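Notes to accompany the following structure.
Naming convention: chains lettered A, B, ... in sequence-line order (proteins, then strands); numbering from 1 in each chain. Reckoned from all heavy atoms, side chains included, excluding hydrogens, waters and symmetry mates. Note that this is a predicted model, so its numbers are computed, not measured.
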Amino acid sequence: MANRKPEKSKDQSRDHYFYRVYDVTCLIPKGRVSTYGAIADFLALGSARMVGWALNHCHSAEEHVPAHRVVNRLGELSGRLHFATPTLMEERLESEGVKVKDHKIVNMDDYFWHPRQLEEY
DNA sequence: GACCTGACGCCCC
DNA sequence: AGGGGCGCCAGGT
């Protein structure tokens with residue numbers, strides 16, 4: 001995981017990066033949320049922007065990626081417009097027990113989950 | 001090939 | 001304490 005990927009092909013490393021982002025995203029427990037920065041920090045690859053870029057292509061993934069559990073560091077649903085419908089993201093969050101008010105998660109600190117917590121167990 | 005933009009976030013004022 | 005600037009890396013124009 002800490003090992004940097006040798007350069008191989010650019011396409012391969014891109015797909016690999018996609019896979020890593022999807023993988024971490026799928027680790028977010030139901031009813032919890034994480035942030036672009038936390039995922040970028042955990043992967044130690046690219047930047048928070050690249051996480052958003054990767055998630056933007058999650059429709060290419062065969063398996064369902066719970067992209068609705070990824071928000072910006074303020075708890076705002078900045079990616080909601082990229083879902084099938086503008087309200088789908090908050091609908092999914094609400095259905096998991098996460099309160100959303102005005103496109104923003106209420107009590108973000110209570111729901112925030114950092115991938116690093118996985119290793120602390 | 002330069003320039004802008006983005007599902008971001010830190011630093012500075 | 002709120003707002004703006006800039007770095008980040010890849011794609012689109």
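- Side-chain contact between A/Arg69 and A/Lys30 is present, with heavy atoms from C-beta onward closer than 4.5 Å.
- In this entry the distance linking CG of A/Leu43 with P of B/dC8 reads 17 Å, nearest Å.
- For A/Ser47, counting side-chain heavy atoms from C-beta on, the closest listed nucleotide (C/dG11, C/dC9, B/dG9) is C/dC9.
- In this structure, the side chains of A/Met108 and A/Val33 come closer than 4.5 Å at one or more pairs of heavy atoms.
- If you take NZ of A/Lys104 and P of B/dA7, they are 19 Å apart, rounded to a whole angstrom.
- When rounded to the nearest whole Å, the span between CG of A/Leu55 and P of C/dC9 equals 18 Å.
- To the nearest 0.5 angstrom, A/Asp110 atom CG is 9.0 Å from A/Arg32 atom CZ.
- Without hydrogens or angle criteria, A/Tyr22 side chain to A/Ala54 main chain gives a donor-acceptor distance under 3.5 Å.
- The interatomic distance linking A/Trp53 (CH2) with C/dG12 (C1') rounds to 13 Å, in whole Å.
- Straight-line distance from the CG atom of A/Asp41 to the P atom of C/dC8: 16 Å, rounded to whole Å.
- Across the protein-nucleic acid pair, A/Tyr36 atom OH and C/dC9 atom P stand 19 Å apart, rounded to whole Å.
- Screening A/Val71, A/Asn72, A/Leu74 against A/Ile105 for a side chain to side chain contact (heavy atoms under 4.5 Å, CB included) leaves a single residue, A/Val71.
- One P atom belongs to C/dG2, the other to B/dA7, and the distance between them is 25 Å to the nearest Å.
- Here, B/dC8 and C/dA1 have their P atoms 25 Å apart, quoted to the whole Å.
- In the region residues 71-100 of chain A, proximity to DNA chain B at under 4.0 angstrom, judged on heavy atoms, holds for A/Asn72, A/Arg73, A/Ser78, A/Gly79, A/His82, A/Phe83.
- The aromatic rings of A/Trp53 and A/Tyr17 sit parallel to each other, their planes meeting at less than 30°, with 60° as the upper class boundary.
- Here the OH-OG1 distance, from A/Tyr36 to A/Thr25, works out to 9.5 Å after rounding to the nearest 0.5 Å.
- Note: CE (A/Met50) to C1' (C/dG7) measures 14 Å, nearest angstrom.
- Each of B/dC8, B/dG9, B/dA7 was ranked by its minimum atom distance to the side chain of A/Arg49; first place goes to B/dC8.
- If you take atom P in C/dC8 and the same atom in B/dG1, they sit 22 Å apart, rounded to whole Å.
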